[in-house]
Number of protein chains: 2
Amino acid sequence: MSVITVLLVDDHLVVRSGLKALLGTQPDIEVVAEASSGEEALAAVEGHAPDVVVMDLAMGPGMDGIEAIRKLRERNRRQAVLVFTTYDSDADIVRAVDAGAMGYLLKDAAPEEIFAAVRGAVQGKSVMSPPVASRLFQQLRNPDEVLTPREAELLSLLTEGLSNRELGQRLFISEATVKTHLAHIYAKLGVETRAAAIATAIRREGMR
Amino acid sequence: MSVITVLLVDDHLVVRSGLKALLGTQPDIEVVAEASSGEEALAAVEGHAPDVVVMDLAMGPGMDGIEAIRKLRERNRRQAVLVFTTYDSDADIVRAVDAGAMGYLLKDAAPEEIFAAVRGAVQGKSVMSPPVASRLFQQLRNPDEVLTPREAELLSLLTEGLSNRELGQRLFISEATVKTHLAHIYAKLGVETRAAAIATAIRREGMR
DNA sequence: TGGTCTCTCAGCCTTTTGGCTGATACCGCC
DNA sequence: GGCGGTATCAGCCAAAAGGCTGAGAGACCA
């Protein structure tokens with residue numbers, strides 16, 4: 001069995017260091033490169049052609065993890081991407097899977113889970129932490145609760161504290177339309193006021 | 001020079017592992033114990049009497065970091081507590097310092113910063129990441145922007161999406177009083193609507 | 001003792017928001 | 001060609017939120 005080469009992408013040195021120490025205990029896994037941003041990750045993939053990329057989603061300013069995953073796929077690389085992040089927000093999960101992630105792990109995952117995910121990824125197997133999987137199932141079971149792209153866009157702006165009027169101006173639609181979208185969003189999120197929608201969005205949807 | 005003993009408290013194994021690897025490179029620093037919750041931390045301090053406790057603030061369910069720091073101080077322990085966390089929210093910083101933290105580091109801190117903070121802590125020196133320090137200075141310069149305890153309490157409930165009426169019921173005050181507090185909060189946060197206040201609170205004040 | 005801060009409350013008025021109903025248009029799909 | 005989903009818009013009404021002014025009580029401090 002050949003060694004699996006891994007690229008670590010996380011803006012926190014401590015996390016990279018910990019992941020490297022953990023993966024280093026496995027004889028069949030080797031960390032061949034590290035990156036602290038999406039840009040660096042792209043360059044590192046070019047240079048090292050790793051089998052697996054383990055990537056955080058939140059990486060400070062610049063390209064975020066999702067964008068980096070998408071860019072990697074555009075370049076027709078064959079390496080598998082594993083998302084390794086702190087939050088299991090619905091929006092992030094969907095977006096990451098959509099962008100082409102092979103797996104989705106939470107940072108409190110057990111070492112065995114991480115090892116299994118890395119090994120699975122090179123074989124084309126999807127691995128995700130139980131909480132992540134259950135969220136995905138929930139979405140599949142309740143498709144009524146999935147926001148449309150336009151609604152998600154609106155919700156995202158909503159979390160910046162804009163009024164209906166401002167939302168309309170920003171999206172080039174009338175205030176009436178804004179209100180219609182909001183009504184749908186409230187229904188899907190199970191809330192009744194914009195305040196609760198914002199709270200839910202930022203916490204549950206991870207729209208920070 | 002004797003070796004500095006350290007207790008690591010973080011609910012993420014990866015972070016503990018990384019921190020341990022990093023600190024392990026320093027001959028005068030030794031990680032003698034780890035804990036993944038506030039409860040465990042308290043027990044570990046009893047058992048190992050470390051010189052320094054490096055603690056994350058967010059630790060899933062149960063006792064959070066702030067509470068753990070407070071409990072440690074109540075027990076008259078002499079170890080220094082260093083906060084090591086991802087976010088530099090105003091509220092967390094103030095609360096941590098208030099609870100008795102000796103330093104406040106962000107997880108993207110350079111290794112040298114971390115080492116210096118650990119060494120400084122045992123000598124009674126406060127060390128904090130530059131972004132954290134600047135936030136504290138900002139608060140000292142603009143005391144007008146500091147929320148009163150009652151306002152902070154209200155803001156916290158606000159981020160749960162409650163209406164004015166509900167806020168009043170929850171706090172046993174009239175709706176009029178709620179509105180007064182809100183007006184003050186808006187002024188201090190520099191916003192004009194509750195939506196913006198919630199967004200600001202969750203993002204800047206770290207009220208998740 | 002007087003000043004300042006904080007917390008509490010009230011009334012009045014305007015703006016914003018949310019609930020409801022109904023409507024048009026485009027798109028993809030069976 | 002119709003049907004469901006999405007996106008757009010309008011009008012009406014009630015409820016909620018926000019701006020403004022003023023004010024009393026208690027705490028704390030100089």
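Naming convention: chains lettered A, B, ... in sequence-line order (proteins, then strands); numbering from 1 in each chain.
Residue B:Asn164 has no polar side-chain atom (N or O) positioned under 4.0 Å from OP1 or OP2 of D:dA16. In this structure, B:Arg194 reaches the D:dA17 phosphate: one of its side-chain N or O atoms is under 4.0 Å from OP1 or OP2.
The stretch residues 165-175 of chain B touches DNA chain C through B:Ile173, B:Ser174, each having a heavy atom under 4.0 angstrom from the strand.
If you take CD of A:Glu153 and P of D:dT6, they are 15 Å apart, rounded to a whole angstrom. Spacing between atom NE2 of A:His184 and atom C1' of D:dT6 amounts to 9 Å, rounded to whole angstrom units. When rounded to the nearest whole Å, the span between NZ of A:Lys179 and C1' of D:dA14 equals 11 Å. Rounded to a whole Å, the CD atom of A:Glu192 is 19 Å from the P atom of D:dA14. Between the CG atom of B:Leu154 and the C1' atom of D:dG18 there is a distance of 15 Å, rounded to whole Å. For the pair B:His181 NE2 and D:dG19 P, the interatomic distance rounds to 16 Å; values are reported in whole Å.
Side-chain N or O atoms of B:Ser17 include none that pairs as donor or acceptor with a backbone N or O of B:Leu13 at under 3.5 Å.
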Determine whether B:Lys107 and B:Asp10 satisfy the following criterion, salt bridge (charged side-chain N to carboxylate O under 4.0 Å, His left out), listing intermediate values before the conclusion. CA-CA 12 Å; B:Lys107 281 193 180 167; B:Asp10 194 305; 3.0 Å; yes

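Across all strands, B:Thr193 comes closer than 4.0 Å only to sugar-phosphate atoms, never to a base (heavy-atom distances). Among the protein residues, A:Ser163 comes within range of the sugar-phosphate backbone only, with heavy atoms under 4.0 Å from sugar or phosphate atoms but none that close to a base.
There is no side-chain donor-acceptor pair under 3.5 Å between B:Ser36 and B:Asp11. No side-chain donor-acceptor contact under 3.5 Å links B:Thr180 and B:Thr177.
In this structure, the side chains of B:Thr85 and B:Leu105 stay at 4.5 Å or more apart for every pair of heavy atoms. You'll find the side chain of B:Thr5 reaches within 4.5 Å of the side chain of B:Pro50, heavy atoms only.
For the side-chain contact (heavy atoms from CB on, under 4.5 Å) criterion with A:Arg194, the lone passing option out of A:Ile185, A:Leu158, A:Leu162 is A:Leu158.
Nearest nucleotide to the A:Thr177 side chain, out of D:dA7, D:dG18, D:dT8: D:dT8.
What you find for B:Glu40 and B:Glu34 is that their closest heavy atoms are OE1-O, 4.5 Å. Of all the heavy atoms in B:Phe84 and B:Leu106, the pair that sits closest is CE1-O, 3.7 Å.
Think of the region where chain A sits on DNA chain C: with heavy atoms and a 4.0 Å cut, that region ends 5' and 3' at C:dT16 to C:dG19.
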